[in-house]
2 protein chains.
Amino acid sequence: METLRIYFNKFIKLNDSEWNDFENCLTKVNITNKEQILRQGEHCNFIAFIHEGSFRFYYDKDGVEKITAFNFKGDFVSNYRSFLTGKPSDHFIEAMQDAVIYKINLQELNSLYDKHKNIERLGRLIAENLYLMVASRLDSFMFQTPEERYKALIERNSRLLQEVPQYMIASYLGVKPETLSRIRGRK
Amino acid sequence: METLRIYFNKFIKLNDSEWNDFENCLTKVNITNKEQILRQGEHCNFIAFIHEGSFRFYYDKDGVEKITAFNFKGDFVSNYRSFLTGKPSDHFIEAMQDAVIYKINLQELNSLYDKHKNIERLGRLIAENLYLMVASRLDSFMFQTPEERYKALIERNSRLLQEVPQYMIASYLGVKPETLSRIRGRK
DNA sequence: ATGATTTATTGACTTTGGTCAACGACTTTT
DNA sequence: AAAAGTCGTTGACCAAAGTCAATAAATCAT
């Protein structure tokens with residue numbers, strides 16, 4: 001999992017001993033398109049690194065799916081809340097393509113935290129980073145109109161629009177598909 | 001600062017050596033009502049523990065203040081984003097009463113992280129906790145109506161309604177004061 | 001290729017929150 | 001006590017997103 005080690009380097013460099021212990025905790029899993037790697041009601045006891053493929057993170061509100069996040073190659077995927085709190089997940093995580101992920105489970109990660117100060121630090125830096133991401137998404141919901149969110153999204157990740165159907169983008173932006181269609185029609 | 005040590009105990013118990021080093025980094029500061037402890041454009045290089053008093057965390061959008069958070073006795077107060085990224089704050093932090101806070105700055109905290117694995121862990125647990133708080137606030141903006149947010153707020157923190165003027169509650173809920181007044185008028 | 005299903009667009013109408021203005025109840029200042 | 005300012009409420013109107021329905025376009029299965 002060299003790509004994961006490179007990803008970690010953005011936060012902190014692990015030495016070979018730390019990295020080997022980490023790598024030994026990873027389990028490679030092949031996932032087929034539309035497979036659910038987490039269901040509502042289950043405890044999410046893993047964090048997974050996406051080697052190949054993509055996922056959507058959504059919950060079902062009266063039969064309508066509300067998409068909270070998309071995760072792509074090179075991202076982590078997990079219900080971090082359920083992972084941290086031990087509470088059942090309110091979200092599903094479903095593959096949008098065939099995928100390959102590397103999972104690490106809660107118990108093993110906690111052992112690594114105990115054993116290596118640098119991995120403990122990595123955990124802190126990643127938690128801080130996740131905080132920043134969700135805080136900026138909160139800002140976009142508090143202070144931007146749906147149109148502004150849409151424009152910011154295509155600015156930031158135009159690839160998303162090609163890869164994901166529009167009704168999912170709408171859900172992610174917090175509007176109905178009809179509304180997104182009308183937003184796109186403006187200008 | 002025994003109350004802070006007790007607060008930390010929810011996350012992890014520090015031994016006396018760890019705690020003493022921590023306590024030595026704290027600076028007590030007296031704040032008067034309406035004093036700003038952080039301004040837009042400044043780098044927030046501190047995290048403060050509120051011993052007495054309360055603060056609001058807001059930013060100024062074209063002369064209108066948008067309140068992102070309230071912080072009370074027993075909470076931390078900081079622009080955590082600015083603190084973590086080193087970027088200038090887009091928010092103000094202003095006292096709503098006379099207050100007493102204990103500040104720790106970025107450099108000192110990083111030294112403590114280096115020196116004590118348990119404090120590094122405390123930093124992780126606090127970052128994880130902040131993640132959970134902002135994630136749940138994001139959910140409330142994505143999936144609830146203003147009325148539902150208002151009801152959840154009075155459910156969770158009815159004290160807030162007594163202590164804070166209604167137009168600030170409205171701002172925190174993401175609506176205009178007139179709208180909050182009408183929401184309250186329903187039923 | 002054909003038919004079936006899914007996805008995107010458009011129109012008419014409704015709902016909800018925003019805007020602007022007026023007003024009354026309190027506070028604060030002088 | 002009077003004047004000025006602040007805060008919350010109410011009314012009339014507006015703008016934006018939701019709802020429901022019809023239809024067009026794209027995709028999938030056979």
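Labels below follow one simple rule: chain letters A, B, ... track the order of the sequence lines, proteins then strands, and each chain is numbered from 1. Predicted model, so just to flag it, every value in this text is computed and none were measured.
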Selection from dC7(D), dG17(C), dA21(C) that lies nearest to any side-chain heavy atom of Y167(B)
dC7(D)
Gap between atoms NZ and P, on K61(B) and dG18(C) respectively (whole Å):
13 Å
Axis bend over the full length of the helix from dA1(C)-dT30(D) to dT30(C)-dA1(D), computed from five pairs that close each end, to 10 degrees:
50°
Nearest-neighbour nucleotide for the Q166(B) side chain, dG11(D), dT7(C), dT9(D) considered
dT9(D)
In whole angstrom, what separates I169(B)'s CD1 from dT9(D)'s C1'?
17 Å
T145(B), nearest nucleotide to its side chain (from dC20(C), dG18(D), dG17(C)):
dG17(C)
Any R184(A) side-chain N or O less than 4.0 Å from OP1/OP2 of dT9(C)
yes
Selection from dA12(D), dT19(D), dT9(D) that lies nearest to any side-chain heavy atom of K176(A):
dT19(D)
Is the centre of the F57(B) ring less than 6.0 Å from the centre of the F70(B) ring?
no
Does a side-chain N or O from R186(B) land closer than 4.0 Å to OP1 or OP2 of dG17(C), or not?
yes
Length of the line joining L180(B):CG and dT9(D):C1', which is rounded to integer Å
11 Å
I want to check one thing: is the phosphate of dG18(D), taken as OP1 and OP2, less than 4.0 Å away from some side-chain N or O of T179(A)?
yes
Please give, in whole Å, the distance from dT6(D) C1' to K34(B) NZ?
10 Å
Give a yes-or-no answer on whether the side chains of E35(A) and T32(A) include a donor-acceptor pair shorter than 3.5 Å.
yes
Ring geometry between F8(A) and W19(A) (parallel below 30°, tilted from 30 to 60°, perpendicular above 60°):
perpendicular
Side-chain ion pair, D90(B) and R39(B), N-O less than 4.0 Å:
no
Take atom CZ of F141(A) and atom C1' of dG17(C), then tell me their distance rounded to the nearest Å.
17 Å
Write down the distance between CD (E163(A)) and P (dT27(D)), rounded to a whole number of angstrom.
15 Å
Tell me yes or no: between the side chains of Y59(A) and Q40(A), is some donor less than 3.5 Å from an acceptor?
no
E178(A) CD to dT23(D) P, in whole Å, measures 16 Å
Which of these nucleotides, dG8(D), dA8(C), dG18(D), is closest to any side-chain atom of P165(B)?
dG8(D)
Taking CD from E148(A) and C1' from dA15(D), how many angstroms apart are they, rounded to a whole number?
15 Å
Side chain of R182(A), heavy atoms from C-beta onward: which of dT9(D), dT19(C), dT10(C) has the nearest atom to it?
dT10(C)
Please confirm whether the ring centroid of Y102(B) lies under 6.0 Å from the ring centroid of F49(B).
no
Is the shortest side-chain N to carboxylate O distance from K151(A) to E155(A) below 4.0 Å?
no
